[in-house]
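Chain letters run A, B, ... following the sequence lines, proteins first, then strands; residues in each count from 1. Predicted, not measured: the structure shown is a model, and the values here were computed from it.
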Amino acid sequence: MDAMLETTATRILTDHRESLDAAWVALEGSGLTRLWVSEAHGGYGMAPAEGFGLARLAGAHALPVPIADTLVASWLLSEAGLQSPVGRMSVLIEGWQRGIPFGDGADHVVRVQGRSLTLHRGPIASAYAAVGEDPLSDAGALTGAVIATGELHHDIALPLAALTRAAQMCGALEAALTLSIEFAGQRIQFGRALSKFQAIQHLLSEMSAEVAAASAALDAAVATVQPGTPLDLQAVAVAKFRAGLAAGTVCEHAHQIHGAIGYTQEYALARLTRRLWQWREDFGGESYWATELGRVALRNQTPLWPQLTARGE
Amino acid sequence: MSQFIFPIAPETQEERSLRSRVRLFLETERAAGGFEPAADCWVSGVAPAFSRKLGQMGWIGMTWPKAYGGHALPTLHRLVVTEELLVAGAPVAAHWIADRQSGAQILKFGTEQQKQSILPRIAAGECYTCVGMSEPQAGSDLAAVTTKATKTPTGWTLSGRKIWSTVAHISSYMLVLARTSPADGKNRHVGLSQFLVDLTLPGIEISGIRDIAGHTHFNEVVFDDVQLTDDALLGTEGNGWAQCMGELAMERSGPERFLTTFLLLEHALATMPEAIPPVIVGDLIARLSTLRIMSRGIAYRLQAGEHPDTEAALVKQLGNAFEKHLFATIRGIIAARPEAEVPVALLRLRDEVQLRLPANTLRGGTTEILRGVIARQLGVR
C-alpha cells in the first residue's frame, strides 16, 4: 500500500476509536472511501491493491465502520457505470447472504442479482446479532427505493467481496497475533512471563506461520486483480480458503493464550476473533472455495501439476 | 506490517520455457526406462548415471558462476527445475545435497583451488557430498557436537563420529562441524569450525544404517585421527556455527519440504478420480498453491542476496505439515473402501509414503526446533 495513504488511514483509524461518526467523516474527508471509484465518476481510480491494503488495515484496527463494504459497493457501481453516492454503503449479493453488513447504518445498499445491479436507499432496519461483532440486517428487509440500476460486465461481485474479506481477515489475523505476543510477554504465571513457556512459544509460532501463509495467498491474489476484467477465481479461492484456515488456528490459539480475559467483551481480542469468525463465513467459506478449485481441477482430467504450474504462480 | 516477508514473484517467460524443457526431458527419460517415479526421491533415488545426465543438461549448480562450472542463472530457475524433478519422482538423491547446500558453502568459503577442483565436478553430476552435523549425542542440540579438530604443524587432526549422513557412502566430501576450541562458558556456539573433508583419507570408516523400511541411505561416519591439510578448514576458524546456520537455511528452503508426498495425490487422482470429492482436491490445491507462492518468495529473496532464514524454517514447517495432511487425506479415502477395490500400485505407494513420512518432520530440523527458530524471530524467546 502507498505509504502516505497508509499513514493517513492508520492515523484516522487510531485517533477516532472513541467516535465512530468522527472516524467516518475523517475517512470520507480524506477520500479513502472513494479509492476504488473511477476518476470518471469523481473518485481516485487507485490501483486495486490500495483498496485491499485499506481493507486489511481496517481489519487490523477492528473499528465498526463499513469501510470495506463501501469500497466493494463503489467498485461495483463504477463497474456498472454508476456514480457512487456519498456516505456509508453496504452490499447484498442475492442468493448468498442472509444478512446485510452494517445495514442499519447504511445510507445506500448495492444489490447484485446475477449481473444486474440496483442501488437502494438505506438504512435497513431489523438488525440482528450473529457470530460477528458488526450488526447484520435481514436481507429480506431491503425494500428501500431503487435509485439507480446498471449491469456488470463480469461476474465480479462474489470474488471481489470474498477477496476484500480475505484482506480484512489478514489484518485481523496479524492484529490477533500481535496482541497475543504482547499479552504473553506481560502476563506472569508461575513466576515468569507466559512467553517463556515453550508450549506458548510453539502456539505463537504456529499462529505466525498461519498469518504468513494467509498473507502470501492474499498478496498473490491481489497482484492478479485488474480493473475492468474478471477476477482470477483460482487466486481468489486460494486466498479466501487460506485466510479462513488461518482464522481457525489463530483464533483458537489466541484465546487459549489469553485465558479468561480474552473471553470478555471488554478486552480487545474478541473484536478481532468475532469478526474473523464472521468473515470466514462471508462470501463463501473454505469448503465453498475449495470445491470451486477442485471442480475445475477434476473437470480438466489431466494430472494436477501441469494445471497448477500453468497458472504461473 | 508483517513479521515475515514473502515477495510475490510471478513466473517469467524464461521460467515457463525452462519448465517445459525439464518436463520434456523427464518424460523422455521415463519413457525410455531411465527411472521409475518414487516418493521422497531426493533421499530415496540414488542414480549417478541420471545425475550425470542432469549435469549435462545444465541443471546442477545452476546459480553458480560459469568459471566454476555453473550457469549463472537466477535462483528462481533452480526452483523450477527442483520442483519438476520432485514432482516427477526422479532419482536425484546422489547430487541433491551437493547442489543444494555443499556447493554453495564451498563457493562462499572455499579456497580458489577447492572451487576450481570441486565445483565443476559437482555441476557435472559426478561428485557428491554429504552433511556432517548430527552426532550420536548431538541431534537437535547441534552445539553439543564433540567431534574435535586439533591443530597440527601441517593442518588438523580430526576425531569423532557423525551420524544420519545421507548419501555419505557415495560421497567424495563431507562438510564436518567440529569443535576447534572450548566453549566460552555457556556460549557453546563459539569454538566450532567447519571442515571440507575428503572421504578417501585414511582413518575414515563409513557404515550404512538401515532405515525403518530397510533402505540404506543414511550412514554413520567415524573419524579416527584423520590427518587434514590446512586448507580443509572451510571458512574461518571459530565461525562454524554461523556457517552451519547459513547452510541449514539452504537445506530448509526448497520445495522438497512440501512435495515429497505429492506423487500420492497424482496417483490417486489418476486411478480413482471418482473417489476424491472436489472439496478435498481443492483443499489440497489451495494449501499447496500457498506453499508455492511462499517458496517462490524465498527464492526471490535469495536471488536478491538476502537471508530469509526464518522464512525458510517457517515454510519447511508448514510444508511438512502439508505433506502429512495430504497423506492423511488420501489414506482416509483409500481406507473408506475394501482394499481389494483399490489398485495395487496405489496401495504400494501409500505404504511407501507412510514409511518415509516420519523422517520429514525430523531431518533438516524438527518441527519443534523450527518453531523455536520462529519464536525467536517473534521476540518471545
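For the pair A:H202 and B:G372, the tightest heavy-atom approach, listed with the atom from each and the gap, is NE2-N, 4.2 Å. Shown here for A:A216 and B:M294, the closest heavy-atom pair between the two residues is CB-CG, 3.7 Å. Residues A:T291 and B:P278 share a closest heavy-atom pair of O-CB, 3.9 Å. Across every non-hydrogen atom of B:A286 and A:V238, the tightest pair is O-CG1, 3.7 Å. The shortest heavy-atom contact between A:A220 and B:I8 is N-CD1, 3.5 Å. The two residues A:L204 and B:L378 come nearest to each other via the heavy atoms O-CD1, 3.6 Å.
B:L265 touches chain A through its side chain: at least one heavy atom from C-beta onward sits under 4.5 Å away, while N, CA, C and O do not. Within the 4.5 angstrom heavy-atom criterion, only side-chain atoms of B:L288, from C-beta onward, approach chain A. Using a 4.5 Å cut-off between heavy atoms, A:R242 contacts chain B through its side chain alone, with no backbone atom that close. Both the backbone and the side chain of B:E368 come within contact range of chain A, with heavy atoms under 4.5 Å apart.
By number of non-hydrogen pairs under 4.5 angstrom with chain A, the leading residue of B:V281, B:T12, B:V279 is B:V279. Between chain A and the options B:D283, B:I280, B:L291, heavy-atom pairs under 4.5 Å are most frequent for B:D283. Of the listed residues (A:A209, A:P306, A:S195, A:A217), the one with the most heavy-atom contacts under 4.5 Å to chain B is A:A209. By number of non-hydrogen pairs under 4.5 angstrom with chain B, the leading residue of A:A239, A:S208, A:G185 is A:S208. Top candidate by heavy-atom pairs under 4.5 Å with chain A, chosen from B:P277, B:G282, B:P273, B:A375, is B:G282.
Atom CD of B:E36 has 12 or fewer neighbouring heavy atoms from other residues, nucleotides or ligands inside a 6.0 Å radius. Residue B:R348 qualifies as open at atom CZ: its count of foreign heavy atoms under 6.0 Å is 12 or below. Within 6.0 Å of the OH atom in B:Y300, the count of heavy atoms belonging to other residues, nucleotides or ligands does not exceed 12. For B:R30, the CZ atom sits in a loose shell: 12 or fewer heavy atoms of surrounding residues, nucleotides or ligands are nearer than 6.0 Å. For A:Q307, the CD atom sits in a packed shell: over 12 heavy atoms of surrounding residues, nucleotides or ligands are nearer than 6.0 Å.
Two residues are said to be in side-chain contact when any heavy atoms from C-beta on lie closer than 4.5 Å; B:F6 and A:S215 fail this criterion. In this structure, the side chains of A:P303 and B:L269 stay at 4.5 Å or more apart for every pair of heavy atoms.
Contacts from residues 321-332 of chain B to chain A, taken as heavy-atom pairs separated by less than 4.5 Å, involve no residues at all. Residues of residues 74-87 of chain B having a heavy atom under 4.5 Å from any heavy atom of chain A, listed by number: B:E83, B:E84, B:V87. Applying a 4.5 Å heavy-atom cutoff, the residues of residues 245-257 of chain A that approach chain B are A:L245. Within residues 253-260 of chain B, the residues that have a heavy atom under 4.5 Å from a heavy atom of chain A are B:L259, listed by number.
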May I have the step-by-step check of side chain to side chain contact (heavy atoms under 4.5 Å, CB included) for A:E206 and B:R371, ending in yes or no?
CA-CA 7 Å; A:E206 217 185 313; B:R371 286 191 176 143; 3.7 Å; yes
Evaluate side chain to side chain contact (heavy atoms under 4.5 Å, CB included) for A:F241 paired with B:T290, printing each intermediate quantity in order.
CA-CA 10 Å; A:F241 173 94; B:T290 306; over 6 Å; no
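A side-chain hydrogen bond (donor to acceptor under 3.5 Å, both in side chains) with A:T309 is found for one member of B:R292, B:R23, B:E11 and no other, namely B:R23.
Although no hydrogens or angles enter the test, the distance criterion places a donor-acceptor pair under 3.5 Å between the side chain of B:E266 and the main chain of A:L304.
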